[in-house]
Visitor: 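After the structure tokens below, expect a handful of questions from me.
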Amino acid sequence: MIKLIRNEHIKIFSKRSNRILFLSFGILCLLLALIMKNLLSSSGNNESFIDYLLFSTNFLFLIQFFLIIIAGSIVSNEYDWGTVKLLLIRPARRSKILLAKYITVLLIGFCLLLIYLILALLFGMLLFGFFDLASDFEMINKLPLIYLNSLVEVGVMATLAFSISTVFRSSVLATGIAISLVLTGRTFVEVLAHYKIDWGRYILFANTDLTQFTIGNRPLFEGMALPFSIIILCGYMLVFLVSAWFVFCRRDVTV
Amino acid sequence: MEQYPLLKLIEISKRIGKHQILSDINLEIGHGEIVGLLGRNGSGKTTLIRTIVGLVKANKGKVIINGTNLNSDFERAIQHVGAIVENPEFYTYLTGYQNLQQYASMYGNISDERVEDVIELVNLVNAIDDKVGTYSLGMRQRLGIAQAILHQPKLLILDEPTNGLDPMGIREFRSYVKTLCEKENVSIIIASHLLREIEDLCDQVVIIQSGKIVQVKQFKHHDVSMKKVRFELLQQEKARSLLHKNGFSVEISPNGVVLELKKEQIPGAIRVLVNNGIDVFSVNSIQASLEDAFFKILGETSHD
């Protein structure tokens, strides 16, 4: 299994377009820090790197786009290239191969989050100062929760893209649908919540933001609680994964 | 010595939508046999190959490889098989070596030396560290053969293996296939349009048409079988009656006669003709026995 996961990593990281993707991710992190620095210094505020660390979490959703691109192509590329034929005639069952790919996607998502955190810390320390650290340190305990929540969000969206890519064998469809859902989904459920349309609570995007249940925030729909959201999320994940596995393991390969 | 036939297909049927692609295919291939698979495009040849390697699941029937049912114990059954399915497609942005590594790592017991040996065998030593995207079709074909034999399979399945090879490459390939078969007792299934290729290499040929096996032909005792020989001469009628009297089966053809006889009978036939004053200008064996069979079968069935 570890060998299979290693193979998937080699395939992803040797590809030039993916390398550019990861590089642009790093550049984006830098740009974000530079822009913030610029805005703040012109307004004369002195912010510490911890302020920046907290501020940067507002852009964590960007990671979803990067991971969706990877997740949405990891299976369909094998079909597009025809390499799936040589991959599936090895002594590894199809379910195992798909699992290796899925784990690879999740690992890369985890790494992207980690890199984002490290870069935010690094650029924050380089560009911002060390003022008022004592008061800021109290706020930092929010950070693990925010990242944990982001991990869930990123994981769910990657799973969506992964299963669309597996079922329809089209990376364009998978990345297109997943990215447009990331962009519109949240707004859509907010509109539903605004008009108190109650079935909105069962929509995936009403439940992906788990920070809505923390102290000081209000859930999107009245009466929603953390266990409810977790059950809904698990339900969606189950549907995504079962359909991906079912289709991948049974489908005839005719490319 | 071996208990089971290496490959056994039992009543394989496959339907896709309304089309019956394969119907009741039964086939047995022993250890060390080379079998040719002949059929036109759309005859079900490729689907049959895909069924044997598990890419396509049959609606009915069993694929048994070395005694193991492919459907119930895929991993054990498939490790005896190496295959090229249609064009060998690789990760073009990886080097040849990296591509082989991908597959080698999935078997668990392939040493680096084995990989090196295989690379040498398919003659890719100089190009193995280049990206596959830069390879010619022939080089990809050879890399395809390399990935198929990495794990020393007992059954090698080659779909159009000489596609894109130059004459030199074809010759190397042919001698290589023969060595594999003789030294390592590997059974080989070759699907090809090139009739000559199959006739030269195979012990047995399976002709498939509209999803059915229409003929299985043995080539094992190639030289003792009857063959058709054309004699180029002028006095056709006289030659015919003369030869007929001497017990040969004769037909008149343009510019000569055609005899059906064994190889060792040819000198005798020539003697009969020459002794009776009939000049023989040339003697050609009509090697197209397989081609005949192939076109005859296709001709019969393509009318319906």
Side-chain angles (χ1 to χ4, degrees), chain A residues 1-23 69-70 73-101 103-104 166 169 171 245-255, chain B residues 14-16 21 46-47 49-59 68 70-71 73-95 98-110 131-133 140 143-144 147-148 150-151 153 155 157 159:
Chain A
M1 193 67 203
I2 287 166
K3 279 180 185 161
L4 291 180
I5 294 172
R6 203 175 138 256
N7 278 351
E8 293 302 329
H9 276 80
I10 293 172
K11 283 187 268 188
I12 285 174
F13 288 103
S14 307
K15 203 161 170 265
R16 197 192 285 147
S17 61
N18 284 338
R19 284 187 190 159
I20 294 170
L21 193 71
F22 293 120
L23 192 69
I69 293 173
I70 301 287
S73 61
I74 193 166
V75 174
S76 48
N77 272 350
E78 302 271 5
Y79 282 93
D80 288 344
W81 297 332
T83 45
V84 68
K85 290 182 298 192
L86 293 184
L87 184 67
L88 295 184
I89 57 169
R90 310 292 153 185
R93 266 176 287 123
R94 292 191 188 186
S95 53
K96 234 183 197 174
I97 286 173
L98 196 62
L99 184 63
K101 286 185 180 293
I103 291 175
T104 303
T166 307
R169 284 170 293 177
S171 42
W245 252 265
F246 183 78
V247 170
F248 187 77
C249 293
R250 296 186 51 124
R251 179 168 46 211
D252 288 340
V253 178
T254 50
V255 290
Chain B
K14 176 71 186 173
R15 209 176 57 231
I16 298 176
I21 312 283
T46 299
T47 306
I49 283 181
R50 284 170 191 259
T51 309
I52 297 171
V53 295
L55 289 175
V56 166
K57 286 187 184 68
N59 301 119
T68 309
L70 186 75
N71 278 332
D73 195 350
F74 178 77
E75 291 181 13
R76 215 175 105 190
I78 204 73
Q79 68 189 7
H80 301 299
V81 182
I84 306 179
V85 184
E86 288 183 306
N87 305 323
E89 276 136 341
F90 292 96
Y91 306 101
T92 49
Y93 56 92
L94 297 179
T95 67
Q98 284 172 319
N99 269 288
L100 289 183
Q101 275 294 327
Q102 284 277 324
Y103 301 123
S105 69
M106 294 175 82
Y107 290 97
N109 55 352
I110 295 176
K131 293 214 159 90
V132 172
R140 281 182 210 211
L143 192 62
Q147 64 79 27
L150 264 183
H151 53 294
L155 175 65
I157 298 174
D159 199 353

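Residue numbering restarts at 1 for every chain, and letters A, B, ... go by the order of the sequence lines. Nothing here was measured: the structure is a model prediction, and the numbers come from that model.
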Visitor: Measuring heavy-atom distances to chain B, does Lys96(A) have an atom under 4.5 Å in its side chain, in its backbone, in both, or in neither?
Guide: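 Side chain only.
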Visitor: Hey, mind stepping through Val132(B) and Leu94(B) against side-chain contact (heavy atoms from CB on, under 4.5 Å) and telling me if it holds?
Guide: CA-CA 6 Å; Val132(B) 172; Leu94(B) 297 179; 5.8 Å; no
Visitor: Quick one: what part of Phe74(B) sits under 4.5 Å from any heavy atom of chain A, side chain, backbone, both or neither?
Guide: side chain
Visitor: Measure across Ala148(B) and Pro153(B) and return the closest heavy-atom pair with its distance rounded to 0.1 Å.
Guide: O-CG, 3.3 Å
Visitor: Would you find more than 12 non-hydrogen atoms of other residues, nucleotides or ligands less than 6.0 Å from Phe13(A) atom CZ?
Guide: yes
Visitor: Would you mind reporting whether Ile89(A) and Val81(B) have side-chain heavy atoms less than 4.5 Å apart?
Guide: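 No, their side chains stay 4.5 Å or more apart.
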Visitor: Name the region of Asn87(B), side chain, backbone, both or neither, that has any atom closer than 4.5 Å to a heavy atom of chain A.
Guide: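 Contact with chain A: backbone only.
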Visitor: Looking at Arg76(B), I want to see if its CZ is surrounded by more than 12 non-hydrogen atoms of other residues, nucleotides or ligands under 6.0 Å.
Guide: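 Open.
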Visitor: Nearest 0.5 angstrom please: Ile5(A) CD1 to Ile103(A) CD1, how far?
Guide: 4.0 Å
Visitor: For a quick test of reading the model, state the closest non-hydrogen atom pair linking Thr51(B) to Leu70(B) and the distance between them.
Guide: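 In this case the closest contact between Thr51(B) and Leu70(B) is O-CD2, 3.6 Å.
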Visitor: Only one of Arg50(B), Arg15(B), Lys14(B) clears salt bridge (Lys or Arg N to Asp or Glu O under 4.0 Å) with Asp252(A); which?
Guide: Lys14(B)
Visitor: Would you mind checking which part of Arg94(A) comes under 4.5 Å of any heavy atom in chain B, side chain (CB onward), backbone (N, CA, C, O), both or neither?
Guide: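 The side chain, not the backbone.
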Visitor: Based on non-hydrogen pairs under 4.5 Å, which of Val84(A), Ile10(A), Thr83(A) is most in contact with chain B?
Guide: Thr83(A)
Visitor: If you tally heavy-atom pairs under 4.5 Å against chain A, which of Met106(B), Glu86(B), Gln102(B) wins?
Guide: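 Of the candidates given, the most pairs with chain A belong to Gln102(B).
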Visitor: Sort Ile2(A) into side chain, backbone, both or neither according to what part of it lies under 4.5 angstrom from a heavy atom of chain B.
Guide: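 Interface part for Ile2(A): neither.
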Visitor: Which bit of Leu4(A) comes within less than 4.5 Å of chain B, counting heavy atoms only: side chain, backbone, both or neither?
Guide: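 Contact with chain B involves the side chain of Leu4(A) alone.
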Visitor: Among Arg93(A), Lys15(A), Lys11(A), single out the residue with the greatest number of heavy-atom pairs under 4.5 Å to chain B.
Guide: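 When all of Arg93(A), Lys15(A), Lys11(A) are compared, Lys11(A) has the most.
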Visitor: Please identify each residue that fulfils side chain to side chain donor-acceptor pair (under 3.5 Å) with Tyr107(B), with sequence neighbours left out.
Guide: Arg90(A), His151(B)
Visitor: What residue in Lys3(A), Lys85(A), Arg6(A) has the most heavy-atom pairs under 4.5 Å with chain B?
Guide: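 The option with the most such pairs is Lys85(A).
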Visitor: Going by residue number, which parts of residues 73-82 of chain A are within reach of chain B, meaning a heavy-atom gap below 4.5 Å?
Guide: Glu78(A), Trp81(A), Gly82(A)
Visitor: Calculate, to the nearest 0.5 Å, the distance between atoms CD1 and CD1 belonging to Ile78(B) and Ile52(B) respectively.
Guide: 10.0 Å
Visitor: Of the non-hydrogen atoms in Leu87(A) and Ile97(A), which two are nearest, and what is the gap between them?
Guide: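 Answer, listing the atom of Leu87(A) first, then Ile97(A): O-CD1, 3.6 Å.
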